[in-house]
Amino acid sequence: MIAVRGRTALGSLRSRLLLGTLAWILLSIILAGLGLNRLFQDHVYRQFEQRLQTHLDQIMADVNLDAADSVTLQSRLSDPLFEQPYSGMYWQIARQEAGSDQWVVALRSTSLWDEALDVNAPDTPSGMLSLTGPEKQRLVVLRQELDEVNEKGQSLQIMVGGNRELLAEPLARFERILFLSLGGLAVGLILAAVLQVVLALYPLQLLRRRLLDVREGREPQVSGSFPSEIQPLVDDFNAVLSANAGMVDRARAQAGNLAHAVKTPLTIMGNAAQTQDPHLAALVSEQVALAQRQVDHHLSRARAMAVRAIGVRTDVSACLQSLCRVMGRLHSDKQIHLDISEQSLVFKGEEQDLQEMAGNLLDNACKWATNHVWCQVWQQDNVLHLVVEDDGPGLDPEQLERVFGRGQRADERHPGFGLGLDIVRELARSYQGQVQASASKKGGLRLDLMLAS
């Protein structure tokens with residue numbers, strides 16, 4: 001039971017779309033948050049370094065070393081944090097005597113109080129020093145040395161540093177704002193994604209309800225307006241429903257007709273059996289033949305009225321070549337000439353229907369032909385043309401239409417019930433086609449079969 005539920009959840013189109021969309025939204029938000037946070041950190045650090053560099057330049061411009069080896073600044077620095085003890089912002093100036101490698105702190109900011117920065121810290125490739133300052137503060141320090149600043153050849157070392165914790169507050173504030181902003185954006189995108197999936201799949205839910213109405217018998221067809229991606233499917237399904245409904249109606253009608261047609265011969269035979277009619281055997285044979293004829297007729301009509309399957313295609317060339325070989329064996333005294341204009345002709349219907357129509361036309365022509373039967377096939381303006389001609393006696397003009405009637409036979413000397421051409425007409429109509437009879441220039445009968453293709 002658990003496995004079935006799991007498969008159902010994974011098989012849901014809504015679940016797949018939501019999971020995929022939500023995963024992408026969350027991944028994008030996380031990557032965007034990490035990227036923005038990283039960019040802001042880099043910006044804050046560069047800004048802090050630029051701030052230290054500005055103070056360093058100001059000190060270099062204002063520092064003065066007089067003849068008494070006294071280091072002074074001509075003006076005070078603009079940042080008040082330099083005046084507050086252990087504020088996190090510090091500067092320091094050290095002096096080195098000519099010929100000596102020792103630095104002596106000569107002047108420092110009030111914020112250092114009684115502390116001093118490490119003047120002997122090793123240089124780094126980036127020029128930024130990481131030092132431990134007052135109260136174990138982690139400092140970022142810029143250092144600049146000025147050589148031979150006076151006639152004695154003395155040098156000065158200027159250091160400006162700041163506590164890394166000064167960057168923590170703006171970074172934390174930005175992270176809070178970023179979290180709230182991206183969180184709100186994520187919620188909005190998730191709600192939009194859920195709404196979009198629900199609205200996008202709503203037509204499928206509507207289609208499901210309409211199909212349920214059809215299955216329960218409340219509606220004959222799927223009703224309603226659907227998006228352009230679904231509407232063709234609905235139209236095709238409604239066409240299938242209409243075709244099936246028509247097929248059922250025709251099947252019921254054919255069954256009723258068959259029952260009515262067989263009822264009369266059975267009644268006659270039953271009455272004759274009760275009266276002990278001396279001609280009972282002949283009567284039974286006659287009525288059985290009549291009943292057989294009616295059964296064949298109605299079964300053939302039921303076959304003719306069957307709805308063709310959608311999407312079925314039949315190769316006309318192969319079908320007719322096979323039929324001509326069969327007719328050649330059945331009527332070995334007749335020559336059948338087959339002319340197909342194109343080898344790629346296709347009949348949009350079932351192969352047995354084409355065989356039945358063409359077979360009846362060829363069989364009829366072979367029965368009446370003197371020596372030759374001609375069959376031509378071509379396609380023009382989306383219509384498949386099949387013409388069968390013979391060199392037989394032909395028909396009178398008044399017989400050309402009656403030959404398609406049920407049970408009509410041009411000559412009683414030929415066997416059959418006169419149903420073949422009637423079946424051809426019914427089948428042709430089921431394929432939106434028609435069949436016509438006319439006099440042939442070959443001397444006999446010409447039958448033209450036209451089918452939609």
Side-chain angles (χ1 to χ4, degrees), residues 1-51 126 128 130 138 140 162-242 244 310-311:
M1 191 65 179
I2 296 177
V4 172
R5 291 180 178 176
R7 288 195 298 269
T8 302
L10 292 178
S12 170
L13 185 59
R14 175 183 297 177
S15 299
R16 291 181 181 181
L17 290 175
L18 284 177
L19 288 176
T21 304
L22 295 181
W24 178 249
I25 289 176
L26 293 177
L27 180 61
S28 300
I29 292 295
I30 292 174
L31 293 178
L34 293 176
L36 291 174
N37 190 52
R38 180 65 179 177
L39 289 175
F40 185 75
Q41 285 182 2
D42 293 342
H43 171 71
V44 170
Y45 278 114
R46 285 195 300 268
Q47 201 172 38
F48 188 65
E49 292 173 7
Q50 185 176 3
R51 178 182 176 184
S126 61
M128 300 291 294
S130 295
R138 295 184 302 113
V140 177
N163 188 359
R164 291 181 182 270
E165 294 299 325
L166 296 175
L167 306 178
E169 182 180 355
L171 289 177
R173 185 169 59 251
F174 175 78
E175 288 177 356
R176 288 194 299 270
I177 297 174
L178 182 64
F179 177 78
L180 293 176
S181 300
L182 293 182
L185 178 62
V187 172
L189 290 177
I190 290 174
L191 292 177
V194 172
L195 181 62
Q196 182 178 10
V197 170
V198 171
L199 293 178
L201 296 182
Y202 175 75
L204 295 181
Q205 296 179 348
L206 179 61
L207 178 60
R208 181 182 179 183
R209 293 198 293 268
R210 295 292 185 267
L211 290 175
L212 181 61
D213 291 339
V214 173
R215 188 180 67 178
E216 297 294 335
R218 292 188 290 268
E219 295 288 343
Q221 289 190 336
V222 178
S223 59
S225 178
F226 296 88
S228 58
E229 294 81 5
I230 303 178
Q231 190 62 46
L233 175 64
V234 175
D235 295 339
D236 291 341
F237 187 74
N238 284 335
V240 173
L241 291 177
S242 299
N244 288 338
I310 297 176

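Each residue takes its place number in the sequence, starting with 1. What's counted below: heavy atoms across the whole structure, side chains too, no hydrogens, waters or symmetry copies.
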Gap between atom [atom2] of [Y] and atom [atom1] of [X] - 0.5 Å precision:
X: Ile29; Y: Leu34; atom1: CD1; atom2: CG; value: 11.5 Å
X: Thr21; Y: Leu26; atom1: OG1; atom2: CG; value: 10.5 Å
X: Glu165; Y: Arg138; atom1: CD; atom2: CZ; value: 6.0 Å
X: Leu185; Y: Leu178; atom1: CG; atom2: CG; value: 10.5 Å
X: Gln41; Y: Arg46; atom1: CD; atom2: CZ; value: 11.5 Å
X: Gln221; Y: Asn238; atom1: CD; atom2: CG; value: 4.0 Å

Heavy-atom neighbours of Arg215 CZ exceed 12 at 6.0 Å =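 Counting neighbours around CZ of Arg215, 12 or fewer heavy atoms of other residues, nucleotides or ligands fall under 6.0 Å, so no.
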CD of Glu216: more than 12 outside heavy atoms within 6.0 angstrom?
->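 It does: Glu216 CD has more than 12 such atoms within range.
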Residues Glu219 and Arg210 bridged, charged N to O under 4.0 Å |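 Salt bridge flag = no for Arg210 with Glu219.
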Check: residues 222-231 side-chain donor-acceptor pairs under 3.5 Å, at least two apart:
from: Gln231; atom 1: OE1; to: Phe226; atom 2: N; distance (Å): 3.0
from: Gln231; atom 1: NE2; to: Asp235; atom 2: OD1; distance (Å): 2.9

Do the side chains of [Y] and [X] get nearer than 4.5 Å, heavy atoms only?
X: Leu13; Y: Leu204; value: yes
X: Leu201; Y: Leu17; value: yes
X: Arg164; Y: Tyr45; value: yes
X: Gln47; Y: His43; value: yes
X: Leu211; Y: Phe237; value: yes

Mind listing the closest non-hydrogen atom pair of [X] and [Y] along with its distance?
X: Phe48; Y: Asn163; answer: CZ-O, 4.0 Å
X: Ile25; Y: Ala193; answer: CD1-CB, 4.0 Å
X: Ala200; Y: Pro203; answer: O-CD, 3.3 Å

Partners meeting side chain to side chain donor-acceptor pair (under 3.5 Å) with Asp213 (sequence neighbours left out) |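 For Asp213 the side chain to side chain donor-acceptor pair (under 3.5 Å) partners, ignoring immediate neighbours, are Arg218.
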Could I get the full list of ring pair (Phe, Tyr, Trp, His ring centres under 6.0 Å) partners for Phe40, not counting sequence neighbours?
->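 Here the qualifying residues are Phe174.
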